[in-house]
Amino acid sequence: MLTHHDVAFSQLIDRVARYGAATCAWDDLYAWFGAEEIDATVWRAVYARFREICTHYGFEEVPQLQVYRFDAFFTLIREGADDEGVAIIGAEGELEEEDDEEDGEDA
């Protein structure tokens, strides 16, 4: 991997670890890895870099990592931390906060 590709790849994975998600063009991923196809080898490298960066930032456990695949780009999303709020935006602009399942059982 070329140095500037490695930097761009690391920045993508860093955004996923710190902010929870990042989007990237497929063309970039192909170029970074010099790949003709995105196979298990590439995904293992993605996860390995994610694990490395999460360890650097002091995550107690490596969060689950998901990929949403679209025609021209993909989005990597990590599992949210306990202190990160998730809400659903309604048609009228209201936010529906997701309740923790355990909290619902205790109430």
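Source: prediction; values computed, not measured.
Using a 4.5 Å cut-off between side-chain heavy atoms of Ile, Leu, Val, Met, Phe, Trp and Tyr, Ile89 falls into a hydrophobic cluster with Leu95.
Screening residues 25-48 for salt bridge (Lys or Arg N to Asp or Glu O under 4.0 Å), with sequence neighbours left out, gives no hits. Sequence neighbours left out, not one pair with a member in residues 65-77 passes salt bridge (Lys or Arg N to Asp or Glu O under 4.0 Å).
Following chains of ILVMFWY side-chain contacts shorter than 4.5 Å, one can reach Trp43 starting from Phe9, so the two form part of one hydrophobic cluster. Linking Ile, Leu, Val, Met, Phe, Trp and Tyr whenever their side-chain heavy atoms come within less than 4.5 Å leaves Val7 and Leu2 in two separate clusters. By the rule that hydrophobic residues join a cluster once side-chain heavy atoms approach within less than 4.5 Å of another member, Leu12 and Phe59 end up as members of one cluster.
For the pair Leu76/Tyr68, no side-chain contact is recorded, criterion being any heavy-atom separation below 4.5 Å from C-beta on. Residues Val46 and Leu65 are in side-chain contact: their nearest non-hydrogen atoms beyond the backbone lie under 4.5 Å apart.
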Quiz item: Could you walk me through whether Val42 and Tyr30 pass the side chain to side chain contact (heavy atoms under 4.5 Å, CB included) check?
Solution: CA-CA 9 Å; Val42 173; Tyr30 280 98; over 6 Å; no
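Rounding to the nearest 0.5 Å places CH2 of Trp32 at 10.5 Å from NE2 of His4.
Contacts of Gln64 classified as side-chain contact (heavy atoms from CB on, under 4.5 Å), with partners at least two apart in sequence or in another chain: Gln66, Glu79. Not counting sequence neighbours, the partners of Ala81 by the side-chain contact (heavy atoms from CB on, under 4.5 Å) test are Asp83, Glu84. Under the ring-ring contact (aromatic ring centres under 6.0 Å, His included) criterion, Phe73 pairs with Phe70, sequence neighbours left out. Residues passing the ring-ring contact (aromatic ring centres under 6.0 Å, His included) test with Trp26 are Phe74, sequence neighbours excluded. By the side-chain hydrogen bond (donor to acceptor under 3.5 Å, both in side chains) test, Glu96 is found to be paired with no residue, residues two or more places apart in sequence or in another chain being considered.
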Donor-acceptor pairs under 3.5 Å, side chain of residues 16-25 to any protein atom, not counting sequence neighbours: which ones?
| residue | atom | partner | partner atom | Å |
| --- | --- | --- | --- | --- |
| Arg18 | NE | Asp14 | OD2 | 2.5 |
| Arg18 | NH2 | Asp14 | OD2 | 3.1 |
| Thr23 | OG1 | Thr75 | OG1 | 2.8 |

Show me the donor-acceptor pairs within less than 3.5 Å that the side chains of residues 48-55 make with the rest of the protein, sequence neighbours left out.
| residue | atom | partner | partner atom | Å |
| --- | --- | --- | --- | --- |
| Arg49 | NH1 | Asp6 | OD1 | 3.1 |
| Arg49 | NH1 | Ser10 | OG | 2.5 |
| Arg49 | NH2 | Asp6 | OD1 | 2.9 |
| Thr55 | OG1 | Arg51 | O | 2.9 |

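For the residue pair His5 and Ala31, the shortest heavy atom distance occurs at ND1-O, 3.4 Å.
Under a cut-off of 6.0 angstrom, the local environment of CD in Glu94 is crowded, with over 12 non-hydrogen atoms contributed by other residues, nucleotides or ligands.
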